[in-house]
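Just so it is clear: chains get the letters A, B, ... in the order the sequence lines come, proteins before strands, and each one is counted from 1. Just so you know, these numbers use all the heavy atoms, side chains as well, and skip hydrogens, waters and symmetry mates.
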2 protein chains.
Amino acid sequence: MSQAWHEELQADVRSGARVGDRDIADKVRRAVLMQRLPPGTKLPEVTLGEVFGVSRSVVRKALTRLASEHVVDQRPNQVARVRAPSIEETRETFAARRLVEGEVVALLAGRLSAETLDALRLQANEETEAHRRGDEPARIEHSLNLHHLLAEHSPNRVLGGMLTDLVLRTSIVVALYKRSGLSSCYQEAQHERLVELLAAGEADAARGAIHDHLLGLEALLDLSPRESRIDLKSILGQSPAT
Amino acid sequence: MSQAWHEELQADVRSGARVGDRDIADKVRRAVLMQRLPPGTKLPEVTLGEVFGVSRSVVRKALTRLASEHVVDQRPNQVARVRAPSIEETRETFAARRLVEGEVVALLAGRLSAETLDALRLQANEETEAHRRGDEPARIEHSLNLHHLLAEHSPNRVLGGMLTDLVLRTSIVVALYKRSGLSSCYQEAQHERLVELLAAGEADAARGAIHDHLLGLEALLDLSPRESRIDLKSILGQSPAT
DNA sequence: GGGGCATTTTCTGTATACAATGCCGGTATG
DNA sequence: CATACCGGCATTGTATACAGAAAATGCCCC
């Protein structure tokens, strides 16, 4: 017990500001995204409560929220654990996201305000920049921001909400299944191209661009069905770094 | 206070079986679907707790669950209320469902086992039968079952989960916006045709059938932007039947 | 009679205590 | 040696108490 992630999560918990379930969920989600909390990590309610200085009630709500986002597994009478999406689920998540995000960008093409387009360009450029200087966390951040912006501005808010969920889920599995040798999943200028297609109102081309972008991303992963380092870990119930 | 819905929900709550959050959510969801609980109805935690004989903790979990299903609105420091989807959201929900369910049936075509096909046919026939004898609740039940089966058997489980959510949401808005004169939203033999297309493996035709089916359903609703009997109610915060 | 303010009431947010359950060890036994 | 059983421990499930926010009520003044 008492691993590193306590301090990781704690961050700036003190300093007055009362922490709510939203804050806890954010911190944990972020930690999962950053691979600070590997799949299978146990998240006991009291422990989290102590870390954040709140009682189980709040932690519970946070965990429930994360469970509905498919970030953690919450089984009755068992400790909540960081979820380990299977290879099959990973493929399905990508397929779903291609469908949904494709439709969203098609709807979005030609309907974006100048400000929104600028915001998108900003994120794309910042991503490229971060990649150039090798700052991978920042790169991921900006990439996520960009897709998040797309979801938020979806004319169809229902699809937008679904896309938000799918972006998160794919990000998690990308972090999980990234080929070990690979430093980054950056794909040269694809986001920039997408944004310009959106600006130009090329709906079908934009859908195609997203489609290819996501296929390319999936191809960068190691989804060979080798004997599950992941499943083993979660089945054996090992807590990491012990 | 103390309206009819107390007894509606209570049903067979006594008789030993310990009631959990799942049960409560099921009962409330059903009641919303059946229009027993009109949009805007307040659902205070203590009241529900008394009705079901459990404490607020359990009720809370049930409400959170329903909120994540978009059945109720849960705002901080305010009473949870039955959600009133806007006309715009209704259109968007239908559009999203056309996209997702279209894809699901296309994936499903030709891949269904004989047993599943029989189960689908059964629901389709029961629906027609129920319509014939004017039993609308039963008709809705079987229609829902059919679409639920489609979602459950989706080869892509991620899309399947999204479809489950969308089916529920569309059902709610159908109940809400059904043209008042209309006794039923049954569309002659469309489900039967769909099932046979699935059996025959006609992916594109099946997608088209679902598409048309859903367009037809949406067309049966009254989505004219008239001065919102619904929005007024929820804005004025009226509890019904008072 | 109507609008604004204070009070009261209702309801949710959080913490905590106790019950119930699952997990993990030791131990005995075939 | 493998396996089944059993008891203690860790952790979640549920109920409840108290604090704080919002809404409903009533009152006063205009």
Please give, in whole Å, the distance from [N] [atom2] to [X] [atom1]?
X	N	atom1	atom2	value
Asp21(A)	dA15(C)	CG	P	11 Å
Phe52(B)	dA15(D)	CZ	P	14 Å
Gln74(B)	dC11(C)	CD	P	15 Å
Glu50(B)	dA15(D)	CD	C1'	14 Å
Leu43(B)	dT12(C)	CG	C1'	14 Å
Arg22(B)	dG13(D)	CZ	C1'	15 Å
Asp73(B)	dA22(D)	CG	P	16 Å
Arg75(A)	dT11(D)	CZ	P	17 Å

>> Can you list everything that forms a salt bridge (charged side-chain N to carboxylate O under 4.0 Å, His left out) with Glu136(A)? Sequence neighbours excluded, please.
In response: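 Checked Glu136(A) against salt bridge (charged side-chain N to carboxylate O under 4.0 Å, His left out); matches are Arg139(A).
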> Partners of Asp118(B) by salt bridge (charged side-chain N to carboxylate O under 4.0 Å, His left out), sequence neighbours excluded?
Replying inline: Arg121(B)
> In residues 56-69 of chain B, which residues come under 4.0 Å of DNA chain D by heavy atom?
Replying inline: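 Going residue by residue through residues 56-69 of chain B, the ones with a heavy atom under 4.0 Å of DNA chain D turn out to be Arg56(B), Ser57(B), Val58(B), Lys61(B).
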>> Can you confirm if the aromatic rings of His142(B) and His191(B) lie within a centre distance of less than 6.0 Å?
In response: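 Aromatic pair excluded; centres sit 6.0 Å or further apart.
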Contacts under 3.5 angstrom, residues 61-68 of chain A side chains, donor-acceptor by atom type, not counting sequence neighbours:
{"unit_1": "Thr64(A)", "atom_1": "OG1", "unit_2": "Arg60(A)", "atom_2": "O", "d": "2.8"}
{"unit_1": "Arg65(A)", "atom_1": "NH2", "unit_2": "Asp21(A)", "atom_2": "OD2", "d": "3.0"}
{"unit_1": "Ser68(A)", "atom_1": "OG", "unit_2": "Arg65(A)", "atom_2": "O", "d": "2.8"}

> Quick one: salt bridge (Lys or Arg N to Asp or Glu O under 4.0 Å) pairs with a partner in residues 141-159 of chain A, sequence neighbours left out?
Replying inline: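 Those involving residues 141-159 of chain A are Arg30(A)-Glu141(A).
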Can you figure out which of [options] approaches the side chain of [X] most closely?
X	options	answer
Gln78(A)	dT14(D), dG22(C), dT12(C)	dG22(C)
Asn77(B)	dT16(C), dA21(D), dT12(D)	dA21(D)
Val46(B)	dC11(C), dA15(D), dC23(C)	dC11(C)

> How about Ser113(B) and Thr116(B): does a side-chain donor come under 3.5 Å of a side-chain acceptor?
Replying inline: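 Their side chains do contain a donor-acceptor pair, which is all the 3.5 Å distance test asks for.
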>> Listing request: all side chain to side chain donor-acceptor pair (under 3.5 Å) pairs with a residue in residues 159-169 of chain A, at least two apart in sequence or in separate chains.
In response: His70(A)-Arg169(A), Glu89(A)-Arg169(A)
